[in-house]
Amino acid sequence: MAYQHIYGPVNSRRLGKSLGVDLLGAKICSFNCVYCERGRTDQLTVERKEYVPTEELTAELSSFLADRPELNYISFSGCGEPLLHKQFGQISAYLQENFPQYKQALLTNSSLITAEILTELKNLDLIVPSLDAVSESTFKKINRPYKNIKIEQIIENLAKAKQELAAEMWLEIFLLPGINDHQEELELFKKAVKTIKPDKIQLNSLARPGAEKWLEKMSRSRLEEIADFLGAKVEIVADY
Ligand code: SF4
């Protein structure tokens with residue numbers, strides 16, 4: 001079978017051997033992050049739709065997993081924001097029902113984790129949500145979100161998700177010098193982390209060119225300073 005919606009397995013430092021699932025097939029996202037490795041967002045939206053046919057997805061997963069490959073995770077990531085796929089919960093439930101031996105991970109920009117969709121996330125073992133800003137002005141600068149998304153609401157939603165879901169949560173903060181590393185923002189990050197209570201905080205920075213070419217990568221020593229400032233449970237995951 002030729003696979004269009006799944007890729008890998010890839011060996012990732014964070015997730016180990018992981019089979020990627022792309023639920024969108026194009027650069028469709030609720031953010032247009034300056035650092036996005038996939039370039040600028042073609043479709044900036046919060047509309048949840050069946051961007052890729054669910055039946056095709058489950059058929060591919062079924063075919064690939066029939067041989068019982070060794071995997072650490074099946075990870076929902078891909079070209080844009082995975083939760084934009086309206087049948088996310090159905091696909092995750094399909095995996096749980098038919099291949100319960102595999103752990104499921106979701107890499108998300110956090111914008112769609114609202115109270116209404118928490119039940120769709122109940123089969124996940126791991127959620128890796130991004131939080132690159134806490135102030136509204138920095139949020140707009142780095143993530144360039146769809147117009148009605150508010151960072152304050154995202155933080156509240158993440159805290160609720162952490163409380164209500166069984167999945168582990170590793171909060172990813174992508175840091176860029178001069179954009180989201182000023183002291184005021186760092187103080188706000190510290191406060192947000194206390195509210196969300198993730199199991200881990202992972203600091204990342206640019207590994208490949210982003211959507212905008214003028215960005216700089218944060219030095220390892222600066223990331224270490226920020227890790228110390230943010231406190232326990234923080235690790236650096238950026239490549240050097
Ligand atoms: S949320 Fe992820 S996929 Fe969307 S623009 Fe940002 S980095 Fe790219």
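Counting starts at 1 for both ligands and their atoms, following the listed order.
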The residue among I127, I113, T119 that forms side chain to side chain contact (heavy atoms under 4.5 Å, CB included) with L165 is I127
May I ask you to check whether F139 and F31 place their ring centres under 6.0 Å from each other?
-> yes
Between Y73 and Y102, does the ring centroid distance fall short of 6.0 Å?
no
Between R40 and E212, does any NZ, NE, NH1 or NH2 come within less than 4.0 Å of an OD or OE carboxylate oxygen? yes
Could you tell me whether any N, O or S atom belonging to C33 is less than 2.8 Å from atom 4 (Fe) of ligand 1?
no
Under 4.0 Å from one or more heavy atoms of R38, ligand 1 contributes atoms 3 (S)
Residue, atom and distance of the protein heavy atom nearest atom 4 (Fe) of ligand 1 read C29 SG, 2.4 Å
heavy-atom search around atom 8 (Fe) of ligand 1 in the protein gives C36 SG, 2.3 Å
- Do the numbers put K217 on top of the ring of Y240, so that NZ or CZ is under 6.0 Å from the six-membered ring centre and no more than 45° off the axis? yes
Within the 4.0 Å heavy-atom cut-off, what E81 brings close to ligand 1 is neither
Does ligand 1 have an atom that lies less than 4.0 angstrom from a heavy atom of K27?
yes
